[in-house]
Every structure is written in structure tokens, then in C-alpha cells.
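Here is the structure we will look at, set down as C-alpha cells.
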Amino acid sequence: MNFLELAGKRRSVRFFEDREVDKELILNVLEAGNLAPSAHNKQSWKFYVISGEKKNKLAELIGELSDNFPRKSRTLLRMAGKSIYSAPVVIAVFSTGELVREAEDFGEDMKREIERFFMDMEIQSASAAVQNMLLQATELGLGAVWLGIVNLVAEKIQNFLQTNHKLLAMIPIGYPVRINQSPKKKSLKDVLIEIS
Ligand SMILES: Cc1cc2nc3c(=O)[nH]c(=O)nc-3n(C[C@H](O)[C@H](O)[C@H](O)COP(=O)(O)O)c2cc1C
């Protein structure tokens with residue numbers, strides 16, 4: 001499979017077979033994440049691999065918390081909880097904030113602006129790690145989905161996992177029950193502003 005084929009083959013997979021995934025494969029996926037580019041080469045991400053009873057409790061917590069939200073977010077949060085429950089393994093991706101903290105070195109007049117900028121950089125860096133992991137999972141014949149909706153309850157999840165790092169996304173991983181057809185995507189010409 002060349003890279004474009006791999007990128008095209010990746011689908012969001014939300015439900016999984018009741019089958020364990022070898023630790024070696026998960027380590028492989030994590031390695032791919034850790035190879036991503038990062039702002040200032042900080043690699044200011046942390047990965048938390050959750051499985052078994054802890055994972056199921058987390059899924060329940062997200063399901064319960066969904067009740068506090070309006071319909072659309074509630075539905076997405078519930079679905080996220082179900083995907084987490086269904087997957088044998090979930091990788092939670094966090095940003096450490098170590099780049100954001102470097103804004104301290106700037107004067108008061110610029111600090112806020114630089115903080116926001118560094119926060120953007122940390123989010124972009126951790127996102128690159130997430131995408132690498134999704135692609136590596138695909139390459140290994142696994143399915144996965146990028147869950148961003150869990151950020152609505154980030155603090156509660158951080159408390160549950162007892163970490164101060166900032167949650168970016170969760171990635172349930174496992175063997176797909178089925179692989180959906182691609183949702184309709186914009187063509188390249190729809191998104192290309194100019195090529196000269
Ligand atoms: C930043 C981001 C956040 C996402 N959050 C969720 C989510 O919370 N729940 C979910 O089911 N899918 C989520 N997705 C997956 C998208 O719904 C999916 O990528 C999109 O529908 C295209 O389908 P595909 O991944 O199969 O190409 C997210 C994707 C991205 C990039």
C-alpha cells in the first residue's frame with residue numbers, strides 16, 4: 001500500500017469486535033504517534049493507554065455526563081461512550097502545556113497573545129500525533145476513531161485519570177466490526193484556493 005492508498009483507506013471505526021489487540025501492535029501505534037512533527041520539537045504530548053474495567057468505567061462516566069448537554073452534543077458524547085466501551089483499548093492523548101508555559105518568558109504586554117499562540121502549536125502538534133496513530137492503526141488492519149467530543153468533559157476525564165495534562169482527544173482502537181463506506185468528501189478542486 002502506498003501512502004495515498006493508506007490515507008484513503010483510513011476510515012473512522014466506532015464499533016469493534018470483542019477481541020483483544022496485542023500489546024505489540026498498540027506500542028507500534030504509539031510509536032507512530034511519537035514520531036510526529038511537533039512545534040519547537042517539544043513533543044509536548046502524553047499518551048495514556050486505557051483498557052479493562054477502568055476503560056469501561058470511563059465510558060460509563062462519559063455516558064452519564066452527556067445528560068448535562070443539549071441534544072446534539074449529548075448524542076455525540078453518548079456515542080463516544082459506546083465506542084470507548086466497545087473498543088478493547090483506548091488511547092487518550094494529552095498536551096503537557098510545557099510550550100504554553102514558556103510564554104512566562106515574555107513581557108506582560110505579549111504574554112496572553114504568546115500563550116494563545118503556543119496553545120495552538122501544542123494542539124497542532126498533538127493532532128499530528130493523533131493522525132499518525134490513526135494511519136498506523138489502519139496499516140496494521142486495526143480500526144480507530146478520533147474522538148474530539150470528549151473535550152467537552154475534559155476536566156472530568158482528567159480527574160478520573162488523575163492527570164493535570166490537557167486532554168486533546170481519545171482514540172478507541174480495535175478490530176472493526178465493519179468498515180463503513182467513506183462519507184462524501186469535498187473534491188480537491190473544492191478546497192484548493194490556488195495552484196500556480
Ligand atoms: C478533530 C476531530 C474530531 C472528531 N471528533 C469525533 C467525535 O467526537 N466523534 C466521532 O464519532 N467522530 C469524530 N471525528 C471523526 C469524524 O467524524 C470523521 O473523521 C469524519 O466524519 C470523516 O470520516 P472518516 O474519518 O471515515 O474519513 C473527529 C475527527 C476529527 C478530525
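Counting starts at 1 for both ligands and their atoms, in listed order. Along the sequence shown, the residues carry numbers beginning at 1.
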Per-atom contacts of ligand 1 with Val145, taking only distances under 4.0 Å to non-hydrogen atoms: 12 (N)
Within-cut-off N or O pair, Val150 and ligand 1, under 3.5 Å: no
Validation row: Lys46, Thr163 side chains within 4.5 angstrom (heavy atoms): no
Structural part of Leu76 in contact with ligand 1, heavy atom criterion under 4.0 angstrom: neither
Ligand 1 contact by Gln131, heavy-atom criterion under 4.0 angstrom: no
Protein heavy-atom partner closest to atom 13 (C) of ligand 1 - residue, atom, separation in Å: Trp146 O, 2.9 Å
Ring centroid separation His40 to Phe118 under 6.0 Å: yes
For atom 25 (O) of ligand 1, the protein heavy atom that lies nearest, with its residue and separation: Ser12 OG, 2.6 Å
Protein heavy atom at shortest distance from atom 17 (O) of ligand 1: Arg14 NH2, 3.2 Å
Flag: protein heavy atom within less than 4.0 Å of atom 20 (C) of ligand 1: no
For atom 9 (N) of ligand 1, the option (of Ile123, Asn180, Leu134, Leu147) bearing the nearest heavy atom: Leu147
Over-ring placement of Arg74 relative to Phe69, 6.0 Å and 45° cut-offs: no
Atoms of ligand 1, numbered as shown, that sit under 4.0 Å from any heavy atom of Lys185: 22 (C), 24 (P), 27 (O)
Heavy-atom nearest neighbour in the protein, as seen from atom 23 (O) of ligand 1, with distance rounded to 0.1 Å: Pro183 CG, 3.4 Å
Backbone N/O of Gly174 and side chain of Glu17: donor-acceptor pair under 3.5 Å: no
Lys55 (side chain) donor-acceptor with Ser86 (main chain) under 3.5 angstrom: no
Gap between atom OG1 of Thr138 and atom CD1 of Ile179 - 0.5 Å precision: 8.0 Å
Flag, side chain of Arg101 to backbone of Thr96, donor-acceptor distance under 3.5 Å: yes
Side chain proximity check, Val90 to Leu58, heavy atoms < 4.5 angstrom: no
Protein residue, atom and distance nearest to atom 5 (N) of ligand 1, heavy-atom basis: Gly148 N, 3.0 Å
Flag side-chain contact, heavy atom, 4.5 Å: Ile84 against Arg14: no
Ile149 N/O to ligand 1 N/O under 3.5 Å: yes
